Amino acid sequence: MEELLTSLGPVCAVIGAQWGDEGKGKVIDILAEHFDVIARSAGGANAGHTIVVNGKKHVFHLVPSGSLHEGKPVVLGAGMVIHLPTLLEEISILKEAGNDLTKRLLISDSAYIVFEYHKEMDAMFEERRKESTGKGIGTTKRGIGPAYMEKAMRSGIRIGDLRGDLTAMMEAKAKEISSLYGITVDVKKELEQIKEAQEMLKANIGDAPLFLHEQLQEGSTILIEGAQATLLDIDHGTYPYVTSSATTAAGAMQGLGLPPHVLTSCVGVAKAYCTRVGEGDFATEETGETGNRLRERGGEYGATTGRPRRCGWMHMNDMKRAAMLNGFTHWNITKLDVLDEEETIRVAMETDQKSETTYKDFAGWKSSTVGKTSWEELPENARSFLAFIEEETKVPVSLIGTGPGREDMIVK
Ligand code: IMP
């Protein structure tokens, strides 16, 4: 661990390499213990990670996975879109467990507020898209796209606006939304939700970039928690089947207001296979028995929407591209144990213009890797598979997930 931490340096980003749900939460949880500040840069309540609080499982959407580490400042960056009732609920769950996040939470005053009407717009846009093209994006319906849309239109309402009275702003917004989209904004309800947040979070709104810069000057270390993942990036992902934020390492720096050169490492997180929720191309998808097996063994159901995830094999082109776009310095390959029973483990090498995919096949190891904590304990075939990822991507596999428990991790 010491060796790994030294190689990560003071500012580390953890970024998903595929379509999200790679299991970033576990490596973040492990690393968070060793970093001083935890920062989330982008996205909103479309993300979902399960956190066990006092033995009870909770799905958190806005609060970073690293928030359980008491005493550490937690930053929600300017790149985020925040649904305030969800945030308040998550804070209250933590508080009930004796962990008062409001004592150490800083929300960027430049982050955007997600209102109920954004969710209605999200659902409406999905329906319209389905009508015109036959299929939607398959969004999480959390209002993410419409919130970023208003941000880009320069008509969004920001967290910093909570410092004043929002009544006039909300009333004007209701008129605009009604005339543009025919959606009735429940101004009273929206204002009530805001009021609660205004009272509870008054002391938590501030200048996040300044705080992070000061922390760096004081010698603090920062763990940056990416949300969603590279192939869902608005610029570099599988457009239009993407989310509406920048999900790469560079996007994370932008979302936090940190200059790119301060980043000392970037851990790419990828499953040993691949999953996707929502629509869009998935060249290695297995729709039959193999897909079902991976889904059941991997518990592949969306944390936010409960949707069954589409399952398939790792695509090496995507891995290489993600490593290139983010500058990965380390891999965390997760859920290796899900492949324990597979006869053959496939890795896609190429998908051509005609959508034909060629594969490299690895013989399965057909034995349990659950709970293994050292490289030496891994079966030879599993080591060959992981070594192949290193060779192809030129990025070392430094962490390997071998089960759901926090301790089920090989640090190499
Ligand atoms: P949106 O972010 O809700 O607009 O959804 C856009 C696409 O990104 C959909 O395919 C979603 O399923 C996907 N998506 C958004 N957030 C996540 C995530 O945290 N994990 C996996 N997929 C996500």
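Here the structure is a predicted model, which is why all the values come from computation and not from measurement. Counting starts at 1 for both ligands and their atoms, following the listed order.
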S.K.: If we set the cut-off at 4.0 Å for heavy atoms, which region of R307 has an atom near ligand 1: side chain, backbone, both, or neither?
M.R.: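 Contact part for R307 vs ligand 1: side chain (C-beta onward).
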S.K.: Would you confirm whether D36, through its side chain, and T221, through its main-chain N or O, come within 3.5 Å as a donor-acceptor pair?
M.R.: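 Side chain of D36 to backbone of T221: a pair is present.
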S.K.: Return the option from I144, T275, V242, T140 holding the heavy atom at the smallest distance from atom 6 (C) of ligand 1.
M.R.: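 The option holding the nearest heavy atom is V242.
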S.K.: Look at atom 9 (C) of ligand 1 and find which of A147, G278, G138, S244 reaches it with the closest heavy atom.
M.R.: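 It is G138 whose heavy atom sits nearest to atom 9 (C) of ligand 1.
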S.K.: For atom 2 (O) of ligand 1, which protein heavy atom lies nearest, and how many Å away is it?
M.R.: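 Among all protein heavy atoms, the one nearest atom 2 (O) of ligand 1 is T243 OG1, 2.6 Å.
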S.K.: Against ligand 1, does W19 come closer than 4.0 Å with any heavy atom?
M.R.: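 Within the 4.0 Å threshold, so yes.
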S.K.: Specify the protein heavy atom at minimum distance from atom 17 (C) of ligand 1: its residue, its atom name, and the distance to 0.1 Å.
M.R.: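 Ranked first by proximity to atom 17 (C) of ligand 1 is Q228 CG, 3.6 Å.
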S.K.: Test side-chain hydrogen bond (donor to acceptor under 3.5 Å, both in side chains) on T351 and H315; report intermediate values, then the result.
M.R.: CA-CA 9 Å; T351 301; H315 204 310; 2.7 Å; yes
S.K.: Provide the full list of ring-ring contact (aromatic ring centres under 6.0 Å, His included) pairs with a residue in residues 279-302, sequence neighbours left out, each pair given once.
M.R.: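 Applying ring-ring contact (aromatic ring centres under 6.0 Å, His included) to every pair that reaches into residues 279-302, excluding sequence neighbours, yields W19-F282.
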S.K.: So which heavy atom in the protein is nearest atom 20 (N) of ligand 1, and how far is it from that ligand atom?
M.R.: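 Residue, atom and distance for the closest contact: D21 OD1, 3.1 Å.
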S.K.: Report the nearest protein non-hydrogen atom to atom 5 (O) of ligand 1: residue, atom name, distance rounded to 0.1 Å.
M.R.: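 In this structure, atom 5 (O) of ligand 1 has T139 CA, 3.4 Å as its nearest protein heavy atom.
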S.K.: Is D21 close to K271 at the side-chain level, that is, under 4.5 Å between some pair of heavy atoms?
M.R.: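 Touching, per the 4.5 Å side-chain cut-off.
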S.K.: Of the listed options (N46, L232, V81, T247), which comes nearest to atom 14 (N) of ligand 1 when hydrogens are ignored and any heavy atom counts?
M.R.: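 Going through N46, L232, V81, T247 one by one, L232 has the nearest heavy atom to atom 14 (N) of ligand 1.
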S.K.: Within 45° of the ring axis of Y117 and under 6.0 Å from its six-membered ring centre, is that where the NZ or CZ of K173 lies?
M.R.: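 Verdict for Y117: no cation-pi partner in K173.
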S.K.: Would you say the side-chain atoms of D318 and Q18 include a donor-acceptor pair closer than 3.5 Å?
M.R.: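 Looking only at side-chain atoms, Q18 and D318 do not form any donor-acceptor pair under 3.5 Å.
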S.K.: Tell me: protein heavy atom nearest atom 22 (N) of ligand 1, and distance?
M.R.: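 For this ligand atom, the closest protein heavy atom is V277 CG2, 3.4 Å.
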S.K.: With a 4.5 Å cut-off on side-chain heavy atoms, are I234 and T247 touching?
M.R.: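 No; the side chains remain at least 4.5 Å from each other.
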